[in-house]
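Everything on this sheet refers to the single structure shown next.
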Amino acid sequence: MTEMQPLLARRGHALKGRAAVPGDKSLSHRALILGAMAVGETRVSGLLEADDVLRTAEAMRRLGADVTRDDKGVWHVHGVGVGGFSEPDGQLDFGNSGTGCRLTMGAVATTPIAVSFTGDESLRRRPMKRVLEPLSLFGMEWSGRDDRLPISITGTAQPMPIEYALPVPSAQVKSAILLAALNTPGRTTVIERVPTRDHTERMLRAFGAEVRLEGETISVQGEAELTPAQIAIPGDPSSAAFPLVAALIVPESDIVLEGVMLNPRRTGLIETLKAMGAKIDVTNMREQGGEPVGDLRVWASALKGIDVAPERAPSMIDEFPVLAVAASFAAGRTTMRGLSELRVKESDRLAAIAAGLKACGVNVEELDDGLIVDGRGKVAGGATIATQMDHRIAMSFLVMGLASQQPVRVDDGSMTATSFPNFTALMGNLGADIQ
Ligand code: S3P
């Protein structure tokens with residue numbers, strides 16, 4: 001484990017200027033995995049070079065793909081083809097990354113090799129049954145202590161196509177199944193009652209797979225041959241969320257976030273903040289890497305509390321920590337429900353947010369499946385927050401410290417390397433005081 005690195009955020013100037021957040025994490029994992037499953041060379045620009053994604057790059061190498069970065073920052077993936085993975089020596093260690101781990105489980109489930117998976121303390125606590133169960137229906141076998149990492153998987157030589165209704169709305173589970181389907185004869189179907197991010201479906205098509213979408217069902221034709229792709233990864237809306245909320249709550253701020261991916265299944269935070277009174281303009285809409293992209297202009301705004309519709313949760317599932325920060329600076333009550341999934345993220349996020357807000361003097365109630373935040377327009381701050389190995393908890397509370405009366409310290413800022421390695425520098429360029 002890397003050493004704990006405390007960071008302190010304090011109130012200062014308004015945030016001004018332009019910034020481009022790093023590449024989208026979800027797309028980065030998928031580009032590496034699909035590139036590794038294609039025959040020939042896939043080129044990826046704008047890849048997120050953060051710890052989570054670098055673990056996936058390493059896992060793809062260990063499974064036989066050639067993955068390199070050139071000096072212009074373009075990543076080259078020479079894939080082994082669907083069904084072409086070879087058995088790695090030793091364990092694949094996915095660090096903090098649920099996405100890398102669960103998607104790779106799917107990618108190897110229908111190839112007859114044995115693969116062991118592990119991760120850091122946070123990932124070893126997270127439930128894996130949600131992917132192991134559907135992948136077992138293809139014929140994959142697994143062993144481990146209950147359903148927590150470390151887990152060993154033996155892929156099946158004779159996969160059977162499945163039809164599976166997702167019991168929890170999870171893009172990771174959906175994606176694991178779609179990846180397992182690629183080396184399976186026939187059509188595999190996933191039914192999702194609540195739409196989740198559709199990056200795998202979109203990117204599979206870019207790699208030449210046949211994906212059918214009909215209402216709630218997604219199906220993919222197996223024994224697919226993937227053709228390599230050229231992918232330019234746009235900015236991660238989940239990372240943009242931090243400077244965005246910072247600009248809203250630090251008086252007189254006015255910033256532009258360039259090239260942010262705006263897939264409608266990822267924009268729940270922007271819609272919610274607008275409903276709270278946030279001044280956010282979306283300009284320069286375009287397409288990049290098969291995804292809608294735009295620039296966001298954000299002005300400091302007087303926010304008011306709202307009820308967040310639970311149906312909106314999947315489109316902003318990673319943004320609740322920073323939404324809770326915005327809600328603390330709003331006037332009035334914000335209610336967030338339907339969030340039991342937040343208990344099994346990098347930390348128990350409902351508990352971590354509630355503890356952090358309380359420590360900063362915010363009136364918050366933790367529910368089984370949500371939070372009620374009573375905003376009073378201002379926040380005392382003056383606390384040290386337990387990061388709990390969760391990058392988004394660290395960054396959210398640093399954002400809080402930029403507008404609270406007293407500074408806010410997080411006990412381990414090094415976790416930002418998981419998804420947003422230049423967080424402190426980028427925020428500093430906009431004028432934020434984080435040290
Ligand atoms: C992700 C899906 C979500 C999200 C995670 C990334 C993905 O997880 O929280 O950060 O890339 O598919 P779940 O599938 O567990 O909801």
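Heavy-atom basis, side chains included; hydrogens, waters and symmetry copies ignored. Every number for a ligand or one of its atoms is a count from 1 in the order of the listing.
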Carboxylate-amine/guanidinium contact [X] [Y], below 4.0 Å:
{"X": "Glu210", "Y": "Arg212", "answer": "yes"}
{"X": "Arg265", "Y": "Glu192", "answer": "yes"}
{"X": "Glu58", "Y": "Arg61", "answer": "yes"}
{"X": "Arg55", "Y": "Asp51", "answer": "yes"}

Quiz prompt | Distance-only N or O hit between ligand 1 and Gln172, under 3.5 Å | solution =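 Yes; the residue has a nitrogen or oxygen that sits under 3.5 Å from a nitrogen or oxygen of the ligand.
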
| Mind checking whether Ala171 has an N or O less than 3.5 Å away from an N or O of ligand 1? | yes

Identity and distance of the protein heavy atom lying nearest atom 12 (O) of ligand 1
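Answer for atom 12 (O) of ligand 1: Arg30 NH2, 2.6 Å.
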
Can you tell me the protein heavy atom closest to atom 8 (O) of ligand 1 and the distance?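 Checked against all protein heavy atoms, atom 8 (O) of ligand 1 sits closest to Lys345 NZ, 3.1 Å.
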
Any idea which atoms of ligand 1 are less than 4.0 Å away from a heavy-atom of [X]?
{"X": "Ser170", "result": "13 (P), 14 (O), 15 (O), 16 (O)"}
{"X": "Thr99", "result": "1 (C), 5 (C), 6 (C), 7 (C), 11 (O)"}
{"X": "Asp318", "result": "4 (C), 5 (C), 9 (O), 10 (O)"}
{"X": "Ser26", "result": "6 (C), 7 (C), 11 (O)"}

Inset, instruction - Check Lys25, Arg392, Arg266 against Ser238 for a side chain to side chain donor-acceptor pair (under 3.5 Å) and give me the one that passes. - result: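 Answer to the side chain to side chain donor-acceptor pair (under 3.5 Å) test with Ser238 among Lys25, Arg392, Arg266: Arg266.
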
### Task
Please report the shortest heavy-atom distance between Ala9 and Leu402, naming the atom on each side.
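Where Ala9 meets Leu402 most closely, the heavy atoms are CB-CD2, 4.0 Å.
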
**Message:** Below a 4.0 angstrom heavy-atom separation, can you tell me which part of His199, side chain or backbone, both or neither, approaches ligand 1?
**Reply:**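 Neither; nothing of His199 gets under 4.0 Å from ligand 1.
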
Q) His29: heavy atom below 4.0 Å from ligand 1, yes or no? A) no

Sorted by chain and residue number, the ring pair (Phe, Tyr, Trp, His ring centres under 6.0 Å) partners of Phe94 (sequence neighbours excluded) come out as Phe117

